[in-house]
Visitor: 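First, the structure itself, so that you have it in front of you.
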Amino acid sequence: MDRKPRIRAVRGATTVTADDAGEILSATAELLTALARENGVDGTSLISAIFTVTPDLRAAFPATAARQLGWTELPVLCATEIPVPGSLERCIRVLLHIEFDADVVPRHVYLRRATTLRPDLAYE
C-alpha cells in the first residue's frame, strides 16, 4: 500500500441565520471541527484554507474561527462568493488543503442549510 503523502482538497459549507459575528464564528468553528474529526486532521497536516462567504455576511472573517481553534500558523484567505441570483444565502464555505496518506479518501462536510448544496455529501 502506498503511504506517500498526497495533498488533497476537502470542502465544507454551513449557514447562519443572521449576519452576526458570534454566529459566523460559531458556525465556522463547528464546520472546521467536523472537517478535522472526519478527516483525522491534526495541525501538522493542514496546508492552507480558503474561506468564502455570501455577500450578505460581513460581520466577521470566518478565518478568525480557525485562529480561535489554534490553527494560528495556517495560511488562510477570505473572499466573497459570486452573488448568483437565487443562490443559498448566509453561507460560509471552506476549501482546506490537507496532506493525507495517498490511499485516504477525504470526507467533505456540509452542515445546516448547506446540505442543499450537496445532499450526497450531507453530514449527520
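These numbers come from a predicted model, not from an experiment.
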Visitor: As an exercise, state the distance from CD1 of Ile7 to OG of Ser48, rounded to the nearest 0.5 Å.
Guide: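 If I round to the nearest 0.5 Å, the distance is 8.5 Å.
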Visitor: Has the side chain of Arg90 got a donor or acceptor atom that lies under 3.5 Å from a matching backbone atom of Thr17?
Guide: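 Yes; judged by distance alone, with no hydrogens or angles, the pair exists.
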Visitor: Assigning hydrophobic clusters by single linkage (Ile, Leu, Val, Met, Phe, Trp, Tyr; side-chain heavy-atom cutoff under 4.5 Å), is Leu25 placed with Val53?
Guide: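 Leu25 does not cluster with Val53.
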Visitor: Whether the side chain of Asp19 engages the backbone of Arg58 through a donor-acceptor N/O pair (distance < 3.5 Å, no angle test) should be reported.
Guide: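 Looks like yes, one N/O pair under 3.5 Å.
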Visitor: Between the main-chain N or O of Val41 and the side-chain N or O of Asn39, is there a donor-acceptor pair closer than 3.5 Å?
Guide: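 No; zero donor-acceptor contacts below 3.5 Å.
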Visitor: Any side-chain to backbone donor/acceptor pair from Thr33 onto Ala29? Under 3.5 Å, distance only.
Guide: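 Yes; at least one donor-acceptor contact below 3.5 Å.
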Visitor: Ignoring hydrogens, what is the shortest heavy-atom contact between Ala49 and Leu96? Give both atom names and the distance.
Guide: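 Of all heavy-atom pairs spanning Ala49 and Leu96, the closest is CB-CD2, 3.5 Å.
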Visitor: Give me the atom names and distance for the closest heavy-atom approach of Ala66 to Phe51.
Guide: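 That closest heavy-atom pairing would be CB-CZ, 4.2 Å.
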Visitor: Is there side-chain contact between His108 and Glu38, with at least one heavy-atom pair below 4.5 Å?
Guide: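 The answer is no, as the side chains (C-beta and beyond) never meet within the 4.5 Å cut-off.
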Visitor: Anything under 3.5 Å between a donor and an acceptor, one on a side chain of residues 68-79, the other on a protein residue two or more places apart or in another chain? List them.
Guide:
none

Visitor: Can you hop from Leu111 to Leu35 via hydrophobic side chains spaced under 4.5 Å?
Guide: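 Yes, Leu111 and Leu35 fall within the same hydrophobic cluster.
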Visitor: Is a side-chain N or O of Thr28 found less than 3.5 angstrom from the main chain of Ile24, in a donor-acceptor match?
Guide: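 Answer holds: yes.
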Visitor: Report whether Leu31 and Phe61 are members of the same hydrophobic cluster (ILVMFWY, side-chain heavy atoms less than 4.5 Å apart, transitive linking).
Guide: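 Leu31 and Phe61: separate clusters.
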Visitor: Assess whether a salt bridge exists between Glu99 and Arg6, defined as any Lys/Arg side-chain N lying under 4.0 Å from an Asp/Glu carboxylate O.
Guide: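 Judged by the 4.0 Å cut-off on N to carboxylate O distance, Glu99 and Arg6 do not form a salt bridge.
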Visitor: Applying a strict under-4.5 Å side-chain criterion to I, L, V, M, F, W and Y, I'd like to know whether Val109 and Ile92 cluster together.
Guide: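 No, because Val109 and Ile92 fall into different hydrophobic clusters, even though each may have its own neighbours under 4.5 Å.
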Visitor: For Phe100 and Pro106, work out which heavy atoms get closest and say how close.
Guide: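 Smallest interatomic distance, heavy atoms only, reads CE1-CB, 4.1 Å.
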Visitor: Atom CZ of Arg113 and atom OG1 of Thr15: how far apart are they, to the nearest 0.5 Å?
Guide: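 Answer rounded to 0.5 Å: 4.5 Å.
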Visitor: Does the Thr115 side chain pair with the main chain of Tyr110, one donor and one acceptor, at a distance under 3.5 Å?
Guide: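 Looks like no, no N/O pair under 3.5 Å.
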Visitor: Counting C-beta onward and ignoring hydrogens, is there a side-chain heavy-atom pair between Thr52 and Thr80 closer than 4.5 Å?
Guide: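 Side-chain contact under 4.5 Å: no.
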Visitor: Is the shortest side-chain heavy-atom distance between Val94 and Leu32 below 4.5 Å?
Guide: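 When only atoms from C-beta onward are counted, Leu32 and Val94 do touch, with a gap below 4.5 Å.
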Visitor: Taking the side chain as every heavy atom from C-beta outward, state whether Leu57 and Thr54 have any pair of such atoms under 4.5 Å apart.
Guide: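 Result yes, sub-4.5 Å side-chain heavy-atom pair found.
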Visitor: Taking the side chain as everything from C-beta on, heavy atoms only, tell me whether Thr116 gets closer than 4.5 Å to Leu88.
Guide: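 Heavy-atom side-chain distance check passes, below 4.5 Å.
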Visitor: Within a strict 4.5 Å, meaning less than it, do heavy atoms of the Leu117 and Cys91 side chains meet?
Guide: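 Contact flag for Leu117/Cys91 side chains = yes.
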Visitor: Does some side-chain heavy atom of Arg93 sit less than 4.5 Å from a side-chain heavy atom of Arg11?
Guide: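 When only atoms from C-beta onward are counted, Arg93 and Arg11 do not touch, as no gap falls below 4.5 Å.
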Visitor: Do Leu95 and Ile98 belong together in a cluster built from hydrophobic side chains that touch within less than 4.5 Å?
Guide: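 No.
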Visitor: Would you call Glu30-Arg112 a salt bridge at under 4.0 Å N-O?
Guide: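 Salt bridge: yes.
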